[in-house]
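Quick caveat: nothing in here was measured; it's all calculated off a predicted structure. Note on naming: letters A, B, ... go to the chains in the order of the sequence lines (proteins, then strands), and numbering restarts at 1 for each one.
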Number of protein chains: 2
Amino acid sequence: MEITQGIIRRLNEAGLKITPQRVAVMQTLCKLRMHPTAEELFAEVSKTIPGLSPTTIYNTLDTFVEKGLIKRVKTDADVMRYDAITEHHHHLYCAVSDRMEDYFDNELDEMLSAYFERKQINGFKVSDIRLQLMGDFSERKTTQ
Amino acid sequence: MEITQGIIRRLNEAGLKITPQRVAVMQTLCKLRMHPTAEELFAEVSKTIPGLSPTTIYNTLDTFVEKGLIKRVKTDADVMRYDAITEHHHHLYCAVSDRMEDYFDNELDEMLSAYFERKQINGFKVSDIRLQLMGDFSERKTTQ
DNA sequence: CTTTAATTTGTATTTATTACAAACAAGTTT
DNA sequence: AAACTTGTTTGTAATAAATACAAATTAAAG
Ligand SMILES: [Mn+2]
Ligand SMILES: [Mn+2]
Ligand SMILES: [Zn+2]
Ligand SMILES: [Zn+2]
C-alpha cells in the first residue's frame, strides 16, 4: 500500500478530495506505462470499481491535468492519451503500430537548452522542448 | 494560374484524378498557413465550391495524406490539423491560444542528426525527429 | 454525527469522424 | 465525339470521443 499512500499524498497536496475513483485512476495510470486512452483507462479501472461512469474518467483526467498531476500526450492517431510522468521527457513513436514509449535523455536536453539559449526565435519565447522521435520499434526477431 | 498548374502536376504524379474539389482543397491548404482543421477547410473551400460535402473534405485529406501530399499535425487540442508542407520541419506551439507556426532550422537538424547517429536508442530505429517547441508568441505590444 | 461542498453518476448532447450506397464526372477506349 | 469504366463526390446515417448538466452520493470539516 506504499504506492497508494504516495498517491493520496499527491492528491491532498493538489487540494483534491480522496476518492476511490481518483486513487484507482492514478494507480492505473502509473501502472500502465503505455500512455493509455480514456477508454483504456475506463476498461481497466472498471475492474476495480464496478459501475464506474465513463464521465468520471474524463472528469478525473481533466482535473488531474489541471492540477498538473498528469499530462496529455498526442500521437498521429485520433484519440487523446494520458501520461502519469509529468517530468520533462520525450517520446519514441511508431506511427504504424501507434505505439509510444518514453525517452529520457539529459545530455540531449542540455544540448537543446544551450542551443535555444544561443539561438533565439523571433517573436516566440520557448518554455519547453519536446521531441517526438518517429521510427520503428525493432523487434528482436527481425532478421533484417 | 501557375500555382494551380503545380497542384495539378502533383496530383497527377500521385496518380489522382484532377477534380475541382481536390484542387481547391490543396490551394486552400497552401494558402492558409495556420494548419487548418477539416472544419476550417470546409468553410473556406465551400466559398469556392458551393454544395461541397464535408465528407469530401475528409476523403480528400485522407487521400492526400495517404499519397504523402500533406501531413497531419496534432496539438494538445481535440482536433486534427493539416499541413501542406511535407518537407521536414518543426512547430512552435502555444497551448494557451492553440496557435501553431512552422519552424525551419537546418543547423538544429544537423546537430540532432549527428547526435542520434552517435547515440543509438536501444530497440528503436529513428527515422524522423520532430520538435514541438512549446511557449508563447510574444505580442509586440506586451509591456512585460 | 451533521453539514456542506465536491464528486460521481446517468442521461442527453455535441462534435469530429467514418460508413455506405447512389449519383456523378474525369479520363480512357472505341 | 459517344460510350465506357472507374474513381470521386454527395447525402444520409452511424460511430466514437468528449462534454453538459442535474440529481444522487460521498469525503471530510466542524
Ligand atoms: Mn474523434
Ligand atoms: Mn472529438
Ligand atoms: Zn510519456
Ligand atoms: Zn507545419
*Asks:* Does this structure show an ion pair linking Arg130(A) with Asp128(A), if we count only N-O contacts that are shorter than 4.0 Å?
*Replies:* yes
*Asks:* Tell me the interatomic distance from Leu11(B), atom CG, to dT9(D), atom P, rounded to whole angstroms.
*Replies:* 10 Å
*Asks:* If the cut-off is 4.0 Å, is Gln21(A) near the phosphate of dT9(C), judged by side-chain N/O to OP1 or OP2?
*Replies:*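 Result: yes.
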*Asks:* Output the single nucleotide from dA27(D), dC21(D), dT10(D) whose closest atom is nearest the side chain of Ile49(B).
*Replies:* dT10(D)
*Asks:* Leu61(A) CG to dT8(C) P: how many Å, rounded?
*Replies:*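 Going from CG in Leu61(A) over to P in dT8(C) covers 11 Å.
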*Asks:* With a non-hydrogen cut-off below 4.0 angstrom, is Thr19(A) in contact with a base, only sugar-phosphate, or nothing?
*Replies:*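 Sugar-phosphate only.
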*Asks:* Nearest-nucleotide wise, let me know which of Leu16(B) and Glu39(B) is further upstream toward the 5' end of DNA chain C.
*Replies:*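 Result: Glu39(B).
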*Asks:* Can we say Glu44(B) and Lys31(B) salt-bridge, meaning some charged N sits less than 4.0 Å from an Asp/Glu carboxylate O?
*Replies:*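 Counted as a salt bridge, because a side-chain N and a carboxylate O are separated by less than 4.0 Å.
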*Asks:* The side chain of Asn59(A) is closest to which nucleotide in this list: dA18(D), dT8(C), dT9(D)?
*Replies:* dT8(C)
*Asks:* Roughly how many Å is it from OH in Tyr58(A) to C1' in dT9(C), rounded to a whole number?
*Replies:*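 Whole-Å distance recorded here is 16 Å.
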*Asks:* Nearest to the side chain of Lys17(A), heavy atoms from C-beta on, is which of dT17(C), dA6(C), dT9(D)?
*Replies:*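 In terms of side-chain proximity for Lys17(A), the closest of dT17(C), dA6(C), dT9(D) is dA6(C).
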*Asks:* In whole angstrom, what separates Arg81(A)'s CZ from dA18(D)'s C1'?
*Replies:* 16 Å
*Asks:* Going by an N to O cut-off under 4.0 Å, is there a salt bridge joining Arg72(A) and Asp62(A)?
*Replies:*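 Result for this pair is yes, salt bridge flagged.
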*Asks:* Of all the nucleotides listed (dA26(C), dT9(C), dA28(D)), which has the minimum atom distance to the side chain of Leu52(A)?
*Replies:*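 Among dA26(C), dT9(C), dA28(D), the one nearest the side chain of Leu52(A) is dT9(C).
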*Asks:* May I ask you to say what Thr56(A) touches in the nucleic acid, namely base, sugar-phosphate or nothing, with a heavy-atom cut-off under 4.0 Å?
*Replies:*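 Base contact - Thr56(A) has a heavy atom under 4.0 Å of at least one base atom.
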*Asks:* 5'-most contact on DNA chain C: Ile18(B) or Arg22(A), nearest heavy atom basis?
*Replies:* Arg22(A)
*Asks:* Between dA20(D), dC20(C), dA27(D), which nucleotide gets closest to the side-chain atoms of Thr55(A)?
*Replies:* dA20(D)
*Asks:* For a side chain to side chain contact (heavy atoms under 4.5 Å, CB included) with His91(A), tell me which candidate from Met100(A), Glu101(A), Met134(A) qualifies.
*Replies:* Met100(A)
*Asks:* In whole angstroms, how far is the P atom of dA16(C) from the CD1 atom of Ile57(B)?
*Replies:*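 From Ile57(B) CD1 to dA16(C) P: 14 Å.
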*Asks:* Do the charged groups of Lys71(A) and Glu87(A) touch, with an N to O distance under 4.0 Å?
*Replies:*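 Salt bridge flag = no for Glu87(A) with Lys71(A).
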*Asks:* Between dA27(D), dG10(C), dT8(C), which nucleotide has the shortest distance from any of its atoms to the side chain of Ser53(A)?
*Replies:* dG10(C)
